[in-house]
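To start, the structure itself, in structure tokens.
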Amino acid sequence: MRQGIITKGVGGFYDVLVDGDIIRCRARGIFRKDNIVPMVGDKVTISTKNKAIVEIHPRKNQLLRPAVANIDLLGIVLAPIHPEPDFYLIDKLMVSAENNGIKIMLLINKVDLVGDKEIRDIMDIYKATQYPIITLSCKEKIGFEKLKGIIKDNIITLAGQSGVGKSSIINVLCPEKELETGQLSEKIRRGRHTTRHTKLLILSSGGMIVDTPGFSTMNMNEVMPEDLSYLYPDFLDYIHQCRFNGCMHDQEPGCRVKEAVAEGIISQGRYQRYIRILNELKEFRRNIW
Ligand SMILES: Nc1nc2c(ncn2[C@@H]2O[C@H](COP(=O)(O)OP(=O)(O)OP(=O)(O)O)[C@@H](O)[C@H]2O)c(=O)[nH]1
Ligand SMILES: [Mg+2]
Ligand SMILES: [Zn+2]
């Protein structure tokens, strides 16, 4: 019996990192019965004789989209253009990480493609959240020393739309790994080298990083509508100052959150997307009762 960490799962097999070696294991059927599916990031006990995972250790946390366990930090990656940022998806990723007690960092990649103003506009949206924001360019190798410093001793998962540069960032951090990126295929416009599997990598500069496939939709149905605003750090200072107890910061009069939006302290876009997510959650609850 040995302890390890799952770095990758493909077709019923799991790569488990054990003292620097990767051992490909099956998961014992018992997990399926208990409805536990092993995830990348899981700490596990394996039987080296049977090449099987025999125990999944309790998780510190988990995310379902992207599916990873035991992470210290979620790095939400966006690009100012190519692709156009999907702030709705970004906000949902943030809410989901907050709901699972995972720290958040925003990585603005491809800063070589735009001017300072475009970057500042994006930073302004998230300024009041106080999430750390790092600007990066894989092309010009900007921002990586700072990123390495943050990752050291942590497990960070990168998430975000397809094409924002998650795999490219990891390739700059550890060139020896040579992950596939979208580059080659852009010329021929087919068979994009997009990431298909979540994969955990060890960085020689310290820490571990998880590459995940890009996606464009996710649901937050585990969140109750009345709890949603508590997952917005930029709203927290105002939530308790609303006129009504249980204010959801929608149509209620005397809402201090809405005042903060009007005063320009909370981003208007963040607030509008909050309402959109709130309505979705309410709709979901209406349908299941
Ligand atoms: N100009 C510029 N292009 C970049 C930068 N980083 C990545 N790219 C390009 O953006 C494209 C997509 O990069 P990927 O790293 O494959 O993106 P990804 O987020 O891993 O995408 P998925 O795996 O589909 O989720 C590739 O053509 C990269 O060369 C950057 O900093 N500047
Ligand atoms: Mg990728
Ligand atoms: Zn309110």
Side-chain angles (χ1 to χ4, degrees), residues 8 65-68 75-86 89-90 93 107-115 118-119 134-144 147 157-175 177-201 209-218 225-230 232 234-263 265-266 271 274-275 278:
K8 193 171 134 186
R65 201 109 221 246
V68 282
I76 300 174
V77 184
L78 68 90
I81 51 167
H82 305 315
E84 216 52 53
D86 181 348
L89 180 75
I90 292 163
L93 274 167
L107 305 178
I108 306 177
N109 186 34
K110 308 200 191 187
V111 296
D112 55 283
L113 294 179
V114 293
E118 284 86 345
I119 297 162
I134 293 192
T135 50
L136 295 170
S137 167
C138 296
K139 197 171 168 203
E140 296 177 354
K141 310 275 188 289
I142 298 170
F144 284 88
L147 183 59
T157 291
L158 300 187
Q161 291 157 265
S162 187
V164 292
K166 298 176 294 296
S167 302
S168 302
I169 291 170
I170 297 175
N171 280 341
V172 176
L173 290 169
C174 51
K177 298 293 191 324
E178 288 181 56
L179 296 176
E180 288 194 333
T181 67
Q183 203 157 24
L184 296 171
S185 49
E186 265 182 3
K187 288 183 198 120
I188 51 173
R189 295 229 156 254
R190 65 186 154 83
R192 269 183 54 103
H193 287 246
T194 200
T195 304
R196 272 181 299 261
H197 299 290
T198 296
K199 192 172 173 187
L200 182 147
L201 301 132
I209 195 160
V210 183
D211 193 17
T212 70
F215 55 86
S216 55
T217 60
M218 66 185 288
E226 57 273 26
D227 297 336
L228 181 64
S229 63
Y230 289 85
Y232 282 70
D234 37 349
F235 293 13
L236 279 187
D237 284 346
Y238 309 100
I239 284 174
H240 297 287
Q241 297 173 26
C242 297
R243 189 182 308 161
F244 295 107
N245 248 340
C247 181
M248 287 203 248
H249 327 297
D250 188 2
Q251 309 286 343
E252 301 92 335
C255 174
R256 184 70 186 93
V257 170
K258 275 197 289 189
E259 281 171 23
V261 175
E263 288 161 18
I265 305 169
I266 294 173
Y271 175 72
Y274 161 81
I275 293 294
L278 181 69

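In what follows, residues are counted from 1 in the order of the sequence shown. Only heavy atoms go into these numbers, but all of them, side chains included; no hydrogens, no water, no symmetry mates. Both ligands and their constituent atoms are indexed starting at 1 by order of listing. Predicted, not measured: the structure shown is a model, and the values here were computed from it.
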Do Arg65 side-chain atoms and Thr217 backbone N/O form a donor-acceptor pair below 3.5 Å? yes
CA sep, side-chain torsions, deciding dist, call: Lys139, Lys110, side-chain contact (heavy atoms from CB on, under 4.5 Å): CA-CA 7 Å; Lys139 197 171 168 203; Lys110 308 200 191 187; over 6 Å; no
Find all atoms of ligand 1 within a distance of less than 4.0 Å from any non-hydrogen atom belonging to Val164, and give their numbers and elements. 17 (O), 19 (O)
In Val210, Thr212, Ile170, the residue satisfying side-chain contact (heavy atoms from CB on, under 4.5 Å) with Leu158 is Ile170
Identify the residue among Thr135, Leu147, Leu78 that makes a side-chain contact (heavy atoms from CB on, under 4.5 Å) with Leu107. Leu147
Does His82 reach the side chain of Leu113, with side-chain heavy atoms less than 4.5 Å apart? yes
Per atom 14 (P) of ligand 1, closest listed option by heavy atom (Ser168, Ser137, Pro213): Ser168
Sub-4.0 Å atoms of ligand 1 with respect to non-hydrogen atoms of Thr194: 22 (P), 23 (O), 24 (O)
Ligand 1 to Leu113, heavy atom cutoff 4.0 Å, flagged ligand atoms 1 (N)
For the Zn ion (ligand 3), find the closest N/O/S atom on His249 and give its atom name. ND1
From Ser167, does some N, O or S atom reach closer than 2.8 Å to the Mg ion (ligand 2)? yes
Vertex the Zn ion (ligand 3), arms to Cys247 SG and Cys242 SG, rounded to 10°: 110°
Provide the number and element of each atom of ligand 1 under 4.0 Å from a heavy atom of Lys139. 1 (N), 30 (C), 31 (O), 32 (N)
Ser167 heavy atoms within 4.0 Å reach ligand 1 at atoms 15 (O), 20 (O)
Under 3.5 Å, N or O to N or O, is Cys138 touching ligand 1 that way? yes
N or O contact, Gly160 vs ligand 1, cut-off under 3.5 Å: no
Within the 4.0 Å heavy-atom cut-off, what Val111 brings close to ligand 1 is neither
Which is closest to atom 1 (N) of ligand 1 in terms of heavy atoms, Thr212, Leu78, Asp112? Asp112
Over 12 foreign heavy atoms within 6.0 Å of NZ, Lys199: no
Would you confirm whether Glu252, through its side chain, and His249, through its main-chain N or O, come within 3.5 Å as a donor-acceptor pair? yes
In terms of ring plane angle, is the pair Tyr274 and Tyr232 parallel, tilted or perpendicular, where the classes change at 30° and 60°? perpendicular
Side chain, backbone, both or neither: which applies to Asn109 and ligand 1 if a contact is any heavy-atom pair less than 4.0 Å apart? side chain
Are the side chain of Gln161 and the backbone of Ile90 linked by a donor-acceptor contact shorter than 3.5 Å? no
Which ligand 1 atoms are under 4.0 Å away from a heavy-atom of Gly214? 25 (O)
Lys141 side chain to Val172 main-chain N or O, any donor-acceptor pair under 3.5 Å? no
Here the atoms of ligand 1 under 4.0 Å from any heavy atom belonging to Lys166 are 15 (O), 17 (O), 18 (P), 19 (O), 20 (O), 21 (O), 22 (P), 25 (O)
Tell me whether the Mg ion (ligand 2) has Ser168 as a neighbour, meaning an N, O or S atom of it below 2.8 Å. no
